[in-house]
Enquirer: 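One structure, pasted below without further comment.
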2 protein chains.
Amino acid sequence: MGISERKEREKQEMKSLILETATQMFLEHGFEKTSLRNIAEKIEYSPATIYLYYKDKNQLFYDVHEKGFELLAEKMTPLMQIENPLERLYKMGEIYLDFAFHNPEYYDLMFIMTAPMEALHDDNWDCGFANYEMLRQTIAECMEKGLIKKADLEVTTVSVFSFVHGLVSLAIRQRFKMYPEETLPELFRQSIDNILNLMKA
Amino acid sequence: MGISERKEREKQEMKSLILETATQMFLEHGFEKTSLRNIAEKIEYSPATIYLYYKDKNQLFYDVHEKGFELLAEKMTPLMQIENPLERLYKMGEIYLDFAFHNPEYYDLMFIMTAPMEALHDDNWDCGFANYEMLRQTIAECMEKGLIKKADLEVTTVSVFSFVHGLVSLAIRQRFKMYPEETLPELFRQSIDNILNLMKA
DNA sequence: CTTGCTTACTAAACACCGTTCAGTAAATTT
DNA sequence: AAATTTACTGAACGGTGTTTAGTAAGCAAG
């Protein structure tokens, strides 16, 4: 029957209206200033309505943070076409930095804020997986082809990811005040070059 | 005259009563659950009283985060006695990890949360300076003595700090769910060893 | 010793927040 | 046409940071 299908479709549309509005307001004004009441007002529904589609605010922002991961994956996936894995690794670092500094609120939600993680009570956090997997595979290929020094793959992947995240998150959360802000991009680029040069075979 | 001195002293005592209570409650229950109303209730004053000693919640938590830096400096300073700078660098990494995982709330406030930084409208964030300076100096000594590869000092210091912070902050904010929690300490130790080995001359 | 001023403090309100629940009105099924 | 299901909301609950008008005690000067 067509009615229940239409209803299901309408339900999905309503859910994504909430999600889109939440995302837009979050990217525009940040997490703190995006309240369920604000979102509800914008879509001209009562705040209580949101609870018919999302268990709570954390669940809603879990979905927002998922959209961030999709956006990042869209930028990362094409890089897998690059034959030379070391060149690819450099490019990944560059794209990652670009993403972080052009979408700091997304980055914050994806890798720093506690809110989305609180929506996750079991331990399967699939979101970051695709991107992390690309990084791991690229590093593995670099090792296989003797482009970087051989070492434990997991340890190396963790190291590279942590290093770049450290740079980005310290910048986003304003902990690099000892350096003038305009010097940071160049400092970061040098820093990444430095580390990757050390890793080169 | 003694009266105004006593008053000044009492004012300082009141301020530090608030600070101590806030710190204690924060370390016990976390930032979110430590409200000005809770703190006020514990010290048996009205919430408005706190505003006679602190401009706002961010200012209060700026002072709490400062106490965190003092605690870290207390653990770091003795290490400067170690003659061999490379050995000292290893030890600093170890102590840093220890501090982070034994005082995750402090670490969060010091290096991740936005709250304390919002209390800072000029650009002089002195807090981390002492600790950062020790790291920079240790790395400089390592380079001078030819223990690690020579490179730009600032770039290398930023790299090392970002790397370790990356590890810690991803763990604290639950972004290492792809690894079982009990394997993280060992993974981190290997990761640090790995990086430092790459840096060795 | 009393008057006036300063200081320390608070009650109450303001404007928010996330969340819950009883109730309503429309759509759908029987 | 009646009964039921669905989608939604108004209003409240219990919290938050913050401001302000007012009070009562402490102190200084007359």
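Predicted model, so just to flag it, every value in this text is computed and none were measured. Side chains included, hydrogens not; waters and symmetry mates left out as well; all remaining heavy atoms used. First the proteins, then the strands, lettered A, B, ... as listed; each starts at 1.
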Enquirer: Between A:Lys15 (NZ) and D:dA7 (C1'), how many Å, whole number?
Expert: 16 Å
Enquirer: According to ring-ring contact (aromatic ring centres under 6.0 Å, His included), who are the partners of B:Tyr45, at least two apart in sequence or on a separate chain?
Expert: none
Enquirer: Which is true for A:Tyr45 with a 4.0 Å heavy-atom rule: it touches a base, it touches only sugar-phosphate, or it touches nothing?
Expert: sugar-phosphate
Enquirer: Taking only residues two or more places apart in sequence, or in another chain, which ones meet A:Phe129 in a ring-ring contact (aromatic ring centres under 6.0 Å, His included)?
Expert: none
Enquirer: Could you state the atom-to-atom distance from CD of B:Glu32 to P of C:dC17 in whole Å?
Expert: 15 Å
Enquirer: Quick one: A:Ile50 CD1 to C:dC17 C1', roughly how many Å, whole number?
Expert: 13 Å
Enquirer: Return the value, rounded to whole Å, for the distance between atom CG of A:Leu17 and atom C1' of D:dC8.
Expert: 14 Å
Enquirer: Expressed in angstrom and rounded to an integer, what is the separation of B:Glu10 atom CD from D:dC27 atom C1'?
Expert: 13 Å
Enquirer: If a pair satisfies ring-ring contact (aromatic ring centres under 6.0 Å, His included) and one of its residues is in residues 67-99 of chain A, list it, with sequence neighbours excluded.
Expert: A:His65-A:Phe69, A:Phe69-A:Phe111, A:Phe69-A:Trp125, A:Tyr96-A:Tyr107
Enquirer: If the condition is salt bridge (charged side-chain N to carboxylate O under 4.0 Å, His left out), which residues does A:Asp108 pass it with, not counting sequence neighbours?
Expert: A:Arg173
Enquirer: For B:Glu118, which residues count as a side chain to side chain donor-acceptor pair (under 3.5 Å) partner, sequence neighbours excluded?
Expert: B:Asn58
Enquirer: Counting only N and O atoms by type, is there a donor-acceptor contact under 3.5 Å from the side chain of A:Thr21 to the main-chain atoms of A:Leu17?
Expert: yes
Enquirer: Pull out every residue in residues 52-67 of chain A that has a heavy atom closer than 4.0 Å to any atom of DNA chain C, ordered by number, or say none.
Expert: A:Asp56, A:Lys57
Enquirer: In whole angstroms, how far is the P atom of C:dG18 from the CD atom of A:Glu118?
Expert: 14 Å
Enquirer: Quick one: list whatever passes side chain to side chain donor-acceptor pair (under 3.5 Å) with A:Tyr54, sequence neighbours left out.
Expert: A:Asp63
Enquirer: At under 4.0 Å between heavy atoms, which parts of nucleotides 11-16 of chain C does protein reach? Answer with one letter per nucleotide, 5' to 3': B base, S sugar-phosphate only, - none.
Expert: B-B---
Enquirer: Quickly work out the B:Ile18 CD1 to C:dA8 P distance and round it to whole Å.
Expert: 12 Å
Enquirer: Does CD in A:Glu181 sit with more than 12 non-hydrogen atoms of other residues, nucleotides or ligands closer than 6.0 Å?
Expert: no
Enquirer: Please state whether the phosphate of C:dC9, meaning OP1 or OP2, lies under 4.0 angstrom from any side-chain nitrogen or oxygen of B:Thr49.
Expert: no
Enquirer: Whole-Å distance between D:dT16 P and B:Tyr51 OH?
Expert: 12 Å
Enquirer: Which residues satisfy the side-chain contact (heavy atoms from CB on, under 4.5 Å) test with A:Thr157, sequence neighbours excluded?
Expert: A:Tyr132, A:Leu135, A:Arg136, A:Ile139, A:Leu153
